[in-house]
Each structure stands twice: as structure tokens, then as C-alpha cells.
Amino acid sequence: MYNSPCRKLTGLVGVSILQSLENAAQARLFSCDLVQLCRSSTSKWITFQHCNFLKRQYVTKTTEVCQRAKPKQEALTAPLVEQHPHLQDETVIRQVQQISAIDQHPSSIQTSKETLSQDTEGASSEEDPSTAQETRQWKEIKVMLGDLPGIYARLSKIRLTALVVMTASAGYAMAPVPFDPSCFLLASLGTGLASCAANSINQYFEVPFDSNMNRTKNRPLVRGQISPLHAVSFAAACAVPGITLLALTVNPLTGALGALNLFLYTCCYTPLKRLSITNTWVGAVVGAIPPVMGWTAATGSLDVGALLLGGILYSWQFPHFNALSWNLQEDYSRGGYRMMSVTHPALCRRVALRHSLALIGLSVLAPALDVTSWTFPLISLPINLYISYLGYSFYRDADRSSARKLFFCSLWHLPMLLLLMLTCKKPRVDKEDKSVAHS
């Protein structure tokens with residue numbers, strides 16, 4: 001009963017499926033033909049390159065910017081018409097002036113000047129030749145005569161020079177010989193001149209680095225108040241008379257120590273500041289030599305008393321300078337200096353504490369070496385304990401406040417210690433008195 005309709009339905013379904021398969025095959029063949037057609041004849045498609053206002057191409061040759069364009073006499077073509085090959089070869093290269101940046105490097109400015117057109121060169125040639133010559137020459141630095149004393153004082157670091165002269169005077173006064181005012185003045189003058197020369201040469205070498213530091217950016221050479229030749233001439237005018245004065249009018253040993261100190265400060269300490277933290281120890285040796293020079297200026301020989309004074313100055317400089325450099329870590333980093341406070345902060349604090357305690361031992365050693373009486377270690381103990389306590393606080397806290405307290409304490413500790421040593425100086429005993437006492 002249902003046999004014939006089912007057969008008809010089955011036949012219709014089969015025919016529809018067969019037609020759908022044939023349509024899919026035809027669609028696949030049509031897509032393949034379309035892709036092949038696009039690949040084979042891309043030049044026949046309309047692109048943006050057929051528009052005349054987009055036909056120009058910019059080409060960069062080395063440092064020049066050029067523009068590829070059609071000649072002016074050529075007629076414009078329709079946007080959809082294909083260009084002939086012989087017309088494409090008639091393109092010309094036109095130079096386009098390059099727009100300079102806002103902030104140019106000096107080398108780029110120089111190259112841009114060399115590549116100007118002939119019209120610009122002709123216009124520049126019409127300018128005043130005296131003006132062009134003035135811009136090419138070095139400008140003269142004019143210094144007022146009234147400003148020179150202040151400039152020389154900052155160039156020679158007058159406060160540091162005064163401290164050096166004070167320690168040399170203390171060394172002369174501590175020597176067990178009669179006091180000679182003329183020799184004392186000559187030794188102080190020669191030491192001061194040598195210190196001025198050393199500080200001036202130091203600033204001459206460190207101009208590029210001092211300009212990066214807030215502490216030193218106002219120095220005369222950094223600000224251009226005097227020329228480098230002027231600074232070197234001032235250093236030579238101080239070094240030669242200073243060393244000659246020490247060697248000829250005082251004694252050769254003191255002159256040799258002055259020349260050695262000048263060499264250590266300018267040729268060893270100054271370059272080492274950018275190489276290694278050992279510059280601090282070399283600088284401490286430089287600061288320890290002036291009291292030794294004062295002692296040798298009075299006695300003409302190196303004794304244990306001179307070495308003791310040098311040892312006290314050597315140890316005092318570590319709490320003084322390490323506390324100072326701790327609050328200037330950013331400045332020294334910008335300047336590129338390798339200081340303990342920047343590269344080895346823990347070592348910086350340990351060394352400051354160690355040498356603060358060493359001042360107590362050196363004070364006890366003074367009467368043992370027959371330089372002072374035994375009163376000196378007793379009366380100097382309070383100030384030595386105080387600076388040692390501040391050194392311990394700096395070691396423990398490692399902050400700006402403790403470093404500042406230690407630094408300001410070191411400023412009055414040294415003159416107070418030298419004054420106490422001078423008051424407790426052992427009285428001088430002449431040879432005649434010794435012979436009378438033995439008889």
C-alpha cells in the first residue's frame with residue numbers, strides 16, 4: 001500500500017542530494033578559478049598607485065631626502081590608464097630640503113651647514129666678515145681685579161689650606177727645640193703655598209666631574225670665572241716659590257716632604273678618586289704629612305714625635321671624611337667618584353668607628369714616647385670618648401643625622417686635641433741640664 005509513495009520519496013531525496021553535491025563541486029571550482037585569476041593578473045586591478053596625486057614616491061639617499069616626480073612639461077594622465085614604460089624612465093630626482101630637529105647634535109648642525117644650497121651660501125657671504133670671525137674665535141674671559149682675591153681663595157680651598165697650615169704649626173710647636181719665629185713663619189708660608197698649588201691643580205683636573213655635583217658646581221673653573229691656563233699659572237706661581245722656600249730657607253727635608261705631598265695629592269689621590277676606594281687611605285696620608293713637616297722644620301729630622309703627630313692626623317681624617325661623604329653619596333655618585341660611602345657603606349662605618357677608637361690609643365701613646373706628660377691622656381679622654389661614641393652611633397644607625405653629628409664633632413675635636421697636647425707638652429731638657437743632673 002505504501003510501497004510506491006515511499007519509493008517516490010526516496011528518489012526525490014536522492015536527486016536533491018546529488019544536485020547539492022554537484023553545486024558544491026562547481027562552487028569549489030569557481031573559487032579556485034577566481035584565486036588563480038587574481039594571482040595571474042594583479043596588474044590589471046585598480047590600485048591607489050593609479051591616482052596621480054599619490055604617484056610621487058619619496059626616496060632617501062644617504063643623508064639627503066629626494067622626491068621622485070614627473071617632469072613639469074608632461075601632461076597628466078587619466079587615473080585608470082596604464083602608464084607606458086618609456087614615460088616611467090623620464091622621472092627626475094628633485095632634492096627636498098630636510099627639516100632640522102628641535103635639538104640637534106653639533107655634528108648634525110655642522111653637516112646641515114655643509115649641505116646648504118648655493119643661494120644660502122651667497123647670502124651668508126654678504127654678512128659682515130668681522131662678525132663671522134668673532135664667532136669662530138675663543139671668547140676672552142674678562143676678570144675684574146677686585147674679584148681675583150675671592151676667586152683665588154676658592155681655587156685654593158682657603159679653609160682647607162688654613163687647616164693644613166694649622167696642623168703644620170702644631171707640629172712645629174710640639175717639637176722639643178727653642179721656638180724660632182722666623183723659621184716658623186717661613187715654614188707656615190711655604191706649607192700654605194704648597195697646599196694652594198695642590199688644591200688648584202686638583203680643581204683643574206676635576207672640572208668635568210665637579211660640574212655634576214651640587215657641592216662643587218660653583219667653583220671658579222666650573223663657572224668659567226677664570227680660564228684653565230689662568231688656574232694652572234696660579235698653581236705654578238704657588239708651587240715653585242712654596243717648595244723653594246721650604247727647601248732653601250727651612251731645610252731640604254721639609255722641602256722634600258712638601259714636594260712629596262704635592263705629588264701624592266695631585267698625581268695619586270686625585271686620579272684614584274675615580275678608580276678605587278683606596279683614595280681615602282692615600283688622602284689620609286696626604287693629610288698626615290703637614291704636622292710632620294712642621295716637626296722637621298723645627299728639628300731637621302724625623303723623630304717618633306713627628307710620626308705620632310702624623311698618626312693622630314691620619315686616624316682623625318677617617319671619622320671626619322667618612323661622615324662627610326655619607327651625606328654626599330648622591331653627589332659623589334653623579335660625579336663618578338668611588339668613595340667608601342657609595343660603593344662600600346658598611347666598610348665606611350666600620351673604618352670611621354675603628355679610627356675614632358684609635359685616637360684614644362694614640363693619646364695614651366704620646367706620654368709613652370716622651371712627647372707629652374701623662375696628664376694629656378687623662379684630659380683628652382672625654383673628647384676622645386665623645387667622638388668614639390658618635391662614631392659608634394654612626395656605625396649603628398647609619399643615617400644622615402648621626403653622620404652630621406660625627407662630622408661637626410670632628411671639626412672642633414682636632415684643634416681641641418692639639419691644644420691639649422700643646423699644653424701638656426713635656427718641657428725641653430737641654431744637654432747641659434742633663435749633664436748636670438747626671439753629675
Quick one: does any side-chain atom of [X] pair with a main-chain N or O of [Y] as donor and acceptor, under 3.5 Å?
{"X": "N322", "Y": "C348", "result": "yes"}
{"X": "S227", "Y": "H230", "result": "yes"}
{"X": "N212", "Y": "G335", "result": "no"}
{"X": "T167", "Y": "V164", "result": "yes"}
{"X": "S341", "Y": "S325", "result": "yes"}
{"X": "S195", "Y": "T191", "result": "no"}

Please report the shortest heavy-atom distance between [X] and [Y], naming the atom on each side.
{"X": "L417", "Y": "S380", "result": "CD1-CB, 3.8 Å"}
{"X": "T372", "Y": "A366", "result": "OG1-CB, 3.4 Å"}
{"X": "I243", "Y": "G255", "result": "CG2-O, 4.0 Å"}
{"X": "K405", "Y": "L390", "result": "O-CD1, 3.7 Å"}
{"X": "F234", "Y": "S156", "result": "CE2-CB, 4.2 Å"}
{"X": "S356", "Y": "S388", "result": "O-OG, 3.2 Å"}

Once you measure the plane-to-plane angle for Y314 and F318, does it fall in the parallel (<30°), tilted (30-60°) or perpendicular (>60°) bin?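 Plane angle over 60°, so perpendicular.
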Ignoring hydrogens and angles, state whether a donor on the side chain of [X] or [Y] is under 3.5 Å from an acceptor on the partner side chain.
{"X": "N384", "Y": "H413", "result": "yes"}
{"X": "T254", "Y": "T296", "result": "yes"}
{"X": "R154", "Y": "Q225", "result": "yes"}
{"X": "N202", "Y": "K157", "result": "yes"}
{"X": "S402", "Y": "D399", "result": "yes"}
{"X": "D180", "Y": "S182", "result": "yes"}

Evaluation steps, side chain to side chain contact (heavy atoms under 4.5 Å, CB included), between R334 and N214: CA-CA 9 Å; R334 284 194 297 268; N214 293 328; 3.1 Å; yes
Run the ring-ring contact (aromatic ring centres under 6.0 Å, His included) check on F205 and F209 step by step: do they pass? CA-CA 9 Å; F205 285 135; F209 318 116; over 10 Å; no
[X] vs [Y] side-chain heavy atoms within contact, under 4.5 Å:
{"X": "Y337", "Y": "L275", "value": "no"}
{"X": "H344", "Y": "I277", "value": "yes"}
{"X": "L246", "Y": "M293", "value": "yes"}
{"X": "M174", "Y": "M421", "value": "yes"}
{"X": "V285", "Y": "Y269", "value": "no"}
{"X": "C424", "Y": "I379", "value": "yes"}
{"X": "V292", "Y": "L309", "value": "no"}
{"X": "S315", "Y": "L362", "value": "yes"}

To the closest 0.5 Å, what do you measure between [atom1] ([X]) and [atom2] ([Y])?
{"X": "I201", "Y": "F263", "atom1": "CD1", "atom2": "CZ", "value": "12.0 Å"}
{"X": "T343", "Y": "Q329", "atom1": "OG1", "atom2": "CD", "value": "10.0 Å"}
{"X": "S410", "Y": "I387", "atom1": "OG", "atom2": "CD1", "value": "6.0 Å"}
{"X": "Y392", "Y": "L357", "atom1": "OH", "atom2": "CG", "value": "11.5 Å"}
{"X": "Q203", "Y": "T270", "atom1": "CD", "atom2": "OG1", "value": "10.5 Å"}
{"X": "I151", "Y": "I226", "atom1": "CD1", "atom2": "CD1", "value": "6.0 Å"}

Is any side-chain N of the basic residue among [X] and [Y] closer than 4.0 Å to the acidic one's carboxylate O?
{"X": "D331", "Y": "R215", "result": "no"}
{"X": "E206", "Y": "R274", "result": "no"}
{"X": "E330", "Y": "R400", "result": "yes"}

Output, in order, the C-alpha distance, side-chain angles, deciding distance and verdict of ring-ring contact (aromatic ring centres under 6.0 Å, His included) for F394 and W326. CA-CA 10 Å; F394 173 58; W326 187 267; 5.3 Å; yes
Is it true that, when you exclude Y332 itself, more than 12 heavy atoms of the residues, nucleotides or ligands shown sit nearer than 6.0 Å to its OH?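 Counting other residues, nucleotides and ligands, OH of Y332 exceeds 12 neighbours.
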Neighbour count above 12 (heavy atom, 6.0 Å) for F179 CZ: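 Result for CZ/F179: enclosed.
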Are T280 and Q317 close enough, and set up right, to give a side chain to side chain contact (heavy atoms under 4.5 Å, CB included), and what steps lead you there? CA-CA 9 Å; T280 308; Q317 288 179 88; over 6 Å; no
Identified side chain to side chain contact (heavy atoms under 4.5 Å, CB included) counterpart of M340 within the set N279, L347, T278: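 Result for side chain to side chain contact (heavy atoms under 4.5 Å, CB included) with M340: L347.
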Would R223 and N218 count as a side chain to side chain contact (heavy atoms under 4.5 Å, CB included) here? Give the steps. CA-CA 6 Å; R223 296 182 60 186; N218 290 324; 4.0 Å; yes
Tell me, with the steps shown, if F376 and L420 meet side chain to side chain contact (heavy atoms under 4.5 Å, CB included). CA-CA 7 Å; F376 171 67; L420 292 176; 4.1 Å; yes
